[in-house]
Undergrad: 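If you scroll down you'll find the structure; I have some questions about it.
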Amino acid sequence: MSEIIVLGAGMVGVSTALALQERGHAVTLLDRSNPGLETSYGNAGLIQREAAEPYHIPHSLVTLFLYGIGRTNDIVYHWKDMPNIMPSLWTYFVNSGETQHRRISKIFEQMTVKCTDDHQPLIEASGTERLIERKGFFKLCRNKRAYDDQSIDAERIASMYDVPLRMVDGKELRQLEPALKIDVAGAVHWTDTWACSDPGALTSAYADLFIKRGGSFVKGDAMTLKQTETGWEVQSDDGPVTGSDVVVALGPWAPDLLGPFGYKIKMVYKRGYHAHFKMDTPLSRPIQDYANGCVFSPMDKGMRIATGAELVNRKDPANPKQLMHGLKSARELMDVGEMVEDEPWFGNRPCMPDMLPIVGPAQKHKGLWFHFGHGHQGFTQGPTTAKLLVDVMEGKTSTLSDALSPENRPVISAR
């Protein structure tokens, strides 16, 4: 009998398995596919020490109007999806108000401040240093107005959360990044952010480390989970897996699993797209194109263009409009070649309307634990919140664990 089952082998699930294993627990990690092939594969590859404040919905009437008429690329939506999305989106909007967002950011920052410290031992132990660059990333501003505005906001974040940065003018930026072929006003250089050249490979390597240390990984269907007299059981390709406890780390699929158990979870699905493109002159570090809602990241497969958020029902078909806009903006800045893949990748970020992950015990079921809802930052925060969850499972609570607990979150209810 496995002591603990972890459902989901993305960065959050793999980090959970490793953290439990480190504390002496026997763990079986289960996923329908190999580790690191879902949401953890598709991000921009950033471990974001500077991301002290979660992404919120602006309350500016001008910005909301631009969203409404489809004039922005960082967020797009479809009217047909609004009836289903609006209840969760409205909660997200309310929590994005200045007072609420400031309160949430004070909680959120406690996770991002530890992210590189918590990744580093896993990087060393998994032998993945070659995947990591510690040069930071640029938030590129095309014109002086954007540069001035972003400078002010960046200095505020740096001062409030003790995050190092420097401002780079357009001339220096082109010297540092010869791939840029046009002059821009400059960039915010977040110097403590780490970049990964293959996020899926890093997640997979962490899973290999878990197995090397004696853990078990099996393929199976998490949706077969059921409670038994002695704990929990789920069906794998090799037969039933049982455990006294089970951790749900399924990201955007968590509501599907937990609904039949009586848990109603508000979740906003922010779909993202990416594709890799050939570059004769590669970038040395990722660049966020502030004006066009996309990130250009140097990866092993080429330059990855990663998009902002498409607000969708999770099962909607692909619509790579944002990616094509990102490609157009990339080609204004650089000489970008052909796409490497036949089709773009897409996946859904699991965002809670209060912008915080769910970490802690289920309200109604003994031995059922929640660890999901990290939104844009599962890749960054996975190892950190995994340690926090294991503390809670062992009876050690804190003000941070209380803030993330399902019991204290209106975005999740049990009936």
Side-chain angles (χ1 to χ4, degrees), residues 43-51 71-74 116 130-159 163-199 272-308 322-340 344 376 380:
N43 55 71
L46 300 176
I47 300 174
Q48 291 188 259
R49 170 66 181 85
E50 95 295 341
R71 289 289 299 276
T72 68
N73 197 51
D74 49 348
T116 52
R130 73 162 194 87
L131 298 177
I132 306 299
E133 287 285 356
R134 296 173 176 81
K135 299 177 181 177
F137 85 103
F138 291 127
K139 188 172 187 178
L140 180 146
C141 303
R142 296 191 179 217
N143 58 59
K144 187 177 185 303
R145 179 176 179 180
Y147 183 71
D148 291 343
D149 289 346
Q150 289 303 305
S151 298
I152 293 170
D153 194 53
E155 293 291 352
R156 176 187 65 81
I157 291 173
S159 174
V163 184
L165 70 81
R166 67 190 191 100
M167 300 307 299
V168 178
D169 64 26
K171 181 178 179 181
E172 183 182 1
L173 184 62
R174 289 194 67 180
Q175 291 174 344
L176 293 169
E177 296 293 349
L180 295 174
K181 64 181 183 181
I182 65 170
D183 292 326
V184 297
V188 180
H189 184 191
W190 293 108
T191 58
D192 266 14
T193 291
W194 295 358
C196 175
S197 62
D198 191 332
Y273 297 81
H274 84 234
H276 298 94
F277 296 85
K278 297 177 181 178
M279 290 275 289
D280 291 335
T281 304
L283 294 170
S284 66
R285 53 178 67 75
I287 292 179
Q288 178 186 6
D289 186 358
Y290 168 70
N292 291 284
C294 52
V295 179
F296 313 129
S297 297
M299 297 275 176
D300 289 348
K301 294 182 179 179
M303 185 187 73
R304 176 178 291 186
I305 299 179
T307 68
Q322 286 174 295
L323 182 62
M324 294 302 102
H325 183 102
L327 176 59
K328 180 177 180 292
S329 66
R331 285 179 169 160
E332 292 170 357
L333 294 168
M334 301 170 284
D335 292 323
V336 180
E338 296 302 311
M339 189 166 77
V340 174
H376 295 258
T380 291

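Along the sequence shown, the residues carry numbers beginning at 1. Please read all numbers here as calculations on a predicted model, not as lab measurements.
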Undergrad: Would you say the side chain of Cys294 lies within less than 4.5 Å of the side chain of Phe296, judging by non-hydrogen atoms?
TA: yes

Undergrad: Are the side chains of Leu176 and Phe138 in contact, using a 4.5 Å heavy-atom criterion?
TA: yes

Undergrad: Nearest 0.5 Å, please: how far is CZ in Arg174 from NZ in Lys181?
TA: 10.5 Å

Undergrad: Would you find a donor on one side and an acceptor on the other, under 3.5 Å apart, between the side chain of Arg304 and the backbone of Ser297?
TA: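 No; zero donor-acceptor contacts below 3.5 Å.
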
Undergrad: If every non-hydrogen atom of Ala146 is compared with every non-hydrogen atom of Cys141, which pair is closest and at what distance?
TA: O-SG, 3.8 Å

Undergrad: Rounded to the nearest 0.5 Å, what separates atom CD1 in Ile305 from atom OG in Ser329?
TA: 6.5 Å

Undergrad: Which residues pass the side-chain contact (heavy atoms from CB on, under 4.5 Å) test with Arg156, sequence neighbours left out?
TA: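 Scan of Arg156 (side-chain contact (heavy atoms from CB on, under 4.5 Å), adjacent residues dropped) gives Glu53, Asp153, Met160.
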
Undergrad: Is there side-chain contact between Asp289 and Arg142, with heavy atoms separated by less than 4.5 Å?
TA: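 Asp289 vs Arg142: side chains touch.
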
Undergrad: For Gly136 and His189, which heavy atoms make the closest approach, and how far apart are they?
TA: CA-NE2, 4.1 Å

Undergrad: Hey, does Thr281 have a side-chain heavy atom less than 4.5 Å from the side chain of Asp335?
TA: no

Undergrad: Give me the atom names and distance for the closest heavy-atom approach of Ala185 to Tyr147.
TA: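 Heavy atoms of Ala185 and Tyr147 come nearest at CB-CB, 3.8 Å.
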
Undergrad: Considering non-hydrogen atoms only, spot the tightest contact between Met299 and Pro199 and give its length.
TA: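 Heavy atoms of Met299 and Pro199 come nearest at SD-CD, 3.8 Å.
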
Undergrad: Hey, could you give me the CZ/CH2 distance between Arg285 and Trp190, rounded to the nearest 0.5 Å?
TA: 15.0 Å

Undergrad: Take atom NZ in Lys278; do more than 12 heavy atoms of anything else shown fall under 6.0 Å from it?
TA: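 No, NZ of Lys278 has 12 or fewer neighbouring heavy atoms, counting only those of other groups under 6.0 Å.
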
Undergrad: Nearest 0.5 angstrom please: Leu173 CG to Met167 CE, how far?
TA: 10.5 Å

Undergrad: Between Ala179 and Met279, which heavy-atom pair has the shortest distance, and what is it?
TA: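 So the two residues come closest at CB-CE, 4.2 Å.
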
Undergrad: For Asp149, enumerate each residue passing the side-chain contact (heavy atoms from CB on, under 4.5 Å) test, keeping only those at least two apart in sequence or located in another chain.
TA: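 Asp149: side-chain contact (heavy atoms from CB on, under 4.5 Å) contacts with Arg145.
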
Undergrad: How long is the straight-line distance from CG of Leu283 back to CE of Met334, given to the nearest 0.5 Å?
TA: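 Atom-to-atom, Met334:CE and Leu283:CG are 5.0 Å apart.
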
Undergrad: Contact between Val163 and Arg49 at the side-chain level, heavy atoms closer than 4.5 Å - yes or no?
TA: yes

Undergrad: Does some side-chain heavy atom of Ile287 sit less than 4.5 Å from a side-chain heavy atom of Glu177?
TA: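 The answer is yes; the side chains approach within 4.5 Å.
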
Undergrad: Rounded at 0.5 Å granularity, tell me how far CG in Leu165 sits from OG1 in Thr191.
TA: 7.0 Å

Undergrad: Can you tell me which residue among Met324, Gln322, His325 is in a side chain to side chain contact (heavy atoms under 4.5 Å, CB included) with Thr307?
TA: Gln322

Undergrad: So, does Thr193 use its side chain to make a donor-acceptor pair with the main chain of Phe137 at under 3.5 Å?
TA: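 No, the answer is negative, given that no donor and acceptor are paired below the 3.5 Å cut-off.
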
Undergrad: I'd like to know if Arg166 and Glu172 make a salt bridge, using a cut-off of under 4.0 Å between side-chain N and carboxylate O.
TA: yes

Undergrad: Decide yes or no for His276 and Asp300: does some side-chain heavy atom of the first lie under 4.5 Å from some side-chain heavy atom of the second?
TA: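 Heavy-atom side-chain distance check fails, nothing below 4.5 Å.
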
Undergrad: Is any side-chain heavy atom of Pro344 closer than 4.5 Å to one of Met339?
TA: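 Side chain of Met339 against side chain of Pro344, heavy atoms only: contact under 4.5 Å found.
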
Undergrad: Can you find a side-chain donor-acceptor pair between Gln48 and Thr380 that sits under 3.5 Å?
TA: no

Undergrad: Could you pull out all residues at least two apart from Ile182 that satisfy side-chain contact (heavy atoms from CB on, under 4.5 Å)?
TA: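 Applying side-chain contact (heavy atoms from CB on, under 4.5 Å) to Ile182 gives Val184, Leu333.
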
